[in-house]
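Okay, structure first, notes after.
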Amino acid sequence: MSGIFGALIVLTLIKATPLIYAALGGVISERSGVVNIALEGMMATGAFTAVIVSYASHSALAGLLAAVLAGALVGLVLAIAATRFKVDQIVAGMGINLICSGAAAYGLVLIFNQPGASAQVPALGRQYWLLVLLAFALAVALQWVLQRTPWGLRVRACGENPRAAAAAGIDPLALRMWAVTYSGMLAALGGAFLSIGELNLYSDGMTAGRGFIALAAVIFGRWNPLGAAGAALVFGFFEALQYVLQGRIAWLPADAMQALPYLAALFALAGITGRVRAPASDGVPY
Amino acid sequence: MTGSAALELRGIRKAYPGIVAVDDVDLTLYAGEIHALVGENGAGKSTLAGIAAGERAADAGTVTAAGTVGLVHQHFELVQRLRVWENVLLGREPRKGMEIDAAAARAHVLDLAQRNGLQIEPDAAVESLPVGVQQRVELLRELDRNPAVLLLDEPTAALAPAEIASFFATIVQLAQRGTAVLIVTHKLQEVIDYATRITVMRHGRVVERMRTGETTVDAIARAMVGGELPVVAQRRPTQPRPCLRVRMPELTLDVNGGEIVGIAGVEGNGQTALVDVIAGLANAEGIVEIDAGDRPNLGIIPQDRQTEALVMTWPVVDNVILGRQSILRHGATIDRARAIADAQQIEKQYDVRAASLKTPIRALSGGNQQKVVVGRALIDDPALIVAYNPTRGIDVGAAALVQSRLIEARNRGAAVLLVSFELDEIFALADRILVMYRGGIVGEIDARDDGARAEVGRLMAGAR
């Protein structure tokens with residue numbers, strides 16, 4: 001039995017890591033007042049970019065850095081749409097999701113000459129454990145930044161009442177722009193972990209709704225970095241559980257088992273409805 | 001005593017689509033003076049203050065200030081979920097290494113408050129504070145920047161009478177130390193009591209400049225309106241009969257047909273909850289009974305016409321239907337001909353200025369929108385009328401008309417519950433005055449008694 005439990009713990013950490021990165025990205029964006037429904041697309045961008053750059057440069061590390069840069073770029077697109085052009089943030093986020101997953105699918109054909117999945121590329125190998133540790137370290141760091149530093153206070157002020165922040169001499173638009181850009185970088189890092197951390201390829205649809213589960217973790221964690229990371233661990237646990245149980249419970253179809261993490265997210269959100277309060281200006285253009 | 005010019009506005013102009021809000025305005029503020037900027041709603045006062053504070057850009061003209069210009073907003077711009085010191089020092093946080101030095105911040109805010117004679121708890125969450133204290137937070141935020149000029153937009157609108165006196169004590173002290181203060185207000189007695197000079201605006205222009213020693217409240221009011229003041233209808237003797245009966249754990253209320261009962265109180269003391277319960281918008285423990293006789297039950301004038309009373313994109317006619325569907329029902333459909341006739345009647349009786357009844361109501365001025373709301377509430381001659389700040393944000397002419405229609409409804413035997421944050425309005429209209437404080441009714445005063453005003457003021461501040 002200890003073998004199963006050990007596997008469950010290890011697998012939980014691995015499955016939670018991409019969710020933690022994306023959830024931290026969601027927290028930073030939403031605390032500044034921009035709803036980030038584009039986490040899914042940002043993860044896909046990170047996953048795909050990591051693979052093609054790793055493929056071209058034969059360096060997984062270069063792939064990782066490129067993924068972060070690409071995430072920053074997608075974050076910037078959402079940021080500019082949400083701040084300068086005051087596009088509805090949900091619509092802009094959905095648009096980004098569609099474009100990113102579509103572009104990745106097209107890129108597979110263009111670069112690897114095959115639909116569905118990429119060729120195998122250099123991956124991080126056992127170094128991915130550093131990324132697991134980094135996820136937890138970042139959760140602690142972001143908590144400290146938001147609660148203790150001047151920049152964090154300003155981010156929180158902009159998410160609550162950007163007009164008050166402006167009256168205090170802060171530029172809410174610039175601040176939101178940075179926050180959403182960081183958000184893209186974090187989510188893309190989570191995506192890269194999926195493709196060149198856990199695996200060594202990109203396959204179409206590999207993010208599989210993890211951006212939305214991360215969004216649920218943001219809410220379940222009450223928009224706090226540590227809370228969101230904790231919620232990501234819970235959802236990661238259910239994803240791990242699903243793998244461990246597969247084949248062990250004969251009467252339960254595998255498809256039903258795979259729904260486990262999504263059901264967990266659904267029930268978690270249903271359970272806390274009405275008891276959490278989003279930043280007051282979350283999703284409201286300034 | 002006044003000193004050198006602290007703020008000079010020259011030829012300021014600002015236009016919005018369809019309206020020139022500020023038109024070629026000159027205004028000079030001197031160090032150490034308290035200057036009042038008065039005018040009706042929509043005269044351009046707030047726009048001018050926003051331009052002076054650099055919050056919006058003028059289309060033309062120049063703003064010259066001798067230092068920083070601080071603005072205390074009518075609707076405070078505070079971050080509700082942050083603490084007092086976080087709000088005051090936002091953007092200028094003291095640091096210790098990479099972190100905010102919270103201890104230094106607290107000490108700084110306490111010191112600042114003390115120097116200005118203000119009581120404040122630096123660690124309190126702003127959302128937990130009463131409105132008057134929240135205003136202190138916003139004032140402290142502006143004072144921390146050592147402004148040469150302090151602009152106050154309707155600073156006493158949400159304060160109890162006792163709070164108003166202590167607020168002005170602080171302001172007078174500031175002026176004595178050399179700050180130029182501009183008060184944007186419509187409370188003319190405060191102008192006479194505290195200001196030295198007065199600038200009157202009408203339709204975006206400066207129409208008169210006065211000194212307080214040489215003028216009266218009436219003269220200022222006439223300058224604001226640009227003519228004689230409108231007369232409000234007279235009340236006539238009525239036969240009271242019971243109409244509204246409210247029995248709740250914390251509150252007992254009876255309103256008779258043929259009387260206007262005024263609910264006085266500072267904003268946020270349970271007035272909204274009371275109105276919602278009577279209007280059937282919220283449930284509460286207790287009894288709410290309306291004895292309407294053969295009239296329709298209830299006509300309601302909600303507090304916020306734009307969000308609670310009207311669909312802004314709908315034409316006037318459709319807004320006149322809203323809430324009266326059962327009255328206007330004709331088989332399975334709405335009797336549109338009658339709705340149009342009703343809208344025309346309101347247009348005539350209330351002097352509604354609209355290009356057409358098919359115009360979206362958002363194209364009408366606030367005063368005209370409010371006339372439609374009041375007309376709709378009264379057109380079916382209901383037994384009970386609930387009027388929540390019925391003249392808020394509309395000009396004197398429209399306000400007099402609304403008040404007259406309420407008194408006429410009372411004269412016809414309607415029970416009127418008037419909830420207002422304006423004591424002047426309560427005293428102008430009410431037969432009986434009840435004071436609300438922290439969700440309960442703490443006293444009843446006969447409006448004709450000597451010293452009724454002082455007593456109401458005391459009760460509003462929570463004195464027993």
Side-chain angles (χ1 to χ4, degrees), chain A residues 27-28 30-34 137-138 140-176 178-179 182 218-219 221-225 227 274-286, chain B residues 49-50 52-57 68-106 108-109 125-128 134-135 137-147 150-153:
Chain A
V27 166
I28 199 169
E30 304 220 344
R31 284 308 277 270
S32 82
V34 179
L138 279 177
V140 174
L142 188 56
Q143 183 84 20
W144 174 77
V145 166
L146 280 180
Q147 293 303 326
R148 294 290 183 82
T149 68
W151 191 77
L153 180 67
R154 294 169 194 188
V155 167
R156 287 186 284 140
C158 285
E160 292 291 330
N161 183 356
R163 292 162 56 95
I170 294 162
D171 180 354
L173 292 182
L175 196 129
R176 285 182 172 183
W178 281 111
Y182 296 144
V218 170
I219 299 167
R222 295 169 193 240
W223 288 270
N224 281 318
R275 284 190 279 137
V276 292
R277 195 158 62 140
S281 295
D282 198 9
V284 184
Y286 172 69
Chain B
E55 284 194 356
R56 42 192 132 193
T68 43
V69 179
L71 173 59
V72 174
H73 301 81
Q74 179 178 5
H75 304 287
F76 318 137
E77 295 296 1
L78 295 172
V79 185
Q80 291 289 323
R81 269 161 95 170
L82 295 185
R83 296 171 211 271
V84 168
W85 71 259
E86 289 173 325
N87 267 285
V88 173
L89 295 179
L90 186 61
R92 282 165 297 125
E93 310 84 357
R95 292 173 193 231
K96 193 166 68 186
M98 290 164 77
E99 293 192 355
I100 298 175
D101 188 344
R106 273 182 211 108
H108 181 88
V109 169
V126 165
E127 63 187 345
S128 72
Q134 292 198 10
Q135 181 179 49
V137 178
E138 177 138 336
L139 184 60
L140 283 172
R141 185 185 70 205
E142 298 306 320
L143 291 181
D144 191 48
R145 269 172 271 191
N146 245 328
L150 187 61
L151 312 174
L152 306 162
D153 194 358

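Below, chain A is the first sequence line, B the second, and so on; all start at residue 1.
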Problem - Contact winner vs chain A - Val79(B), Leu90(B), Leu71(B), heavy-atom pairs under 4.5 Å - result: Leu90(B)
Practice task
Please state whether the side chain, the backbone, both or neither of Pro162(A) comes within less than 4.5 Å of a heavy atom of chain B.
Solution key: neither
Handout entry: Minimum side-chain heavy-atom gap Leu89(B)-Leu153(A) below 4.5 Å
Key = no
Chain A/chain B interface donor-acceptor pairs under 3.5 Å:
unit_1, atom_1, unit_2, atom_2, d
Trp144(A), NE1, Glu99(B), OE2, 2.6
Arg148(A), O, Ile100(B), N, 2.8
Arg154(A), NE, Glu93(B), OE1, 3.4
Arg154(A), NE, Glu93(B), OE2, 3.0
Arg154(A), NH2, Gly91(B), O, 3.2
Arg154(A), NH2, Glu93(B), OE1, 2.5
Glu160(A), OE2, Arg81(B), NH1, 3.4
Asn161(A), ND2, Leu78(B), O, 2.9
Arg163(A), NE, Glu77(B), OE2, 2.9
Arg163(A), NH2, Glu77(B), OE2, 2.8
Ala167(A), O, Arg145(B), NH1, 3.4
Ala167(A), O, Arg145(B), NH2, 3.3
Arg277(A), O, Arg81(B), NH2, 3.4
Arg277(A), NH1, Glu127(B), OE1, 3.2
Arg277(A), NH2, Glu127(B), OE1, 3.3
Arg277(A), NH2, Glu127(B), OE2, 3.2
Ala278(A), O, Arg81(B), NH1, 3.0

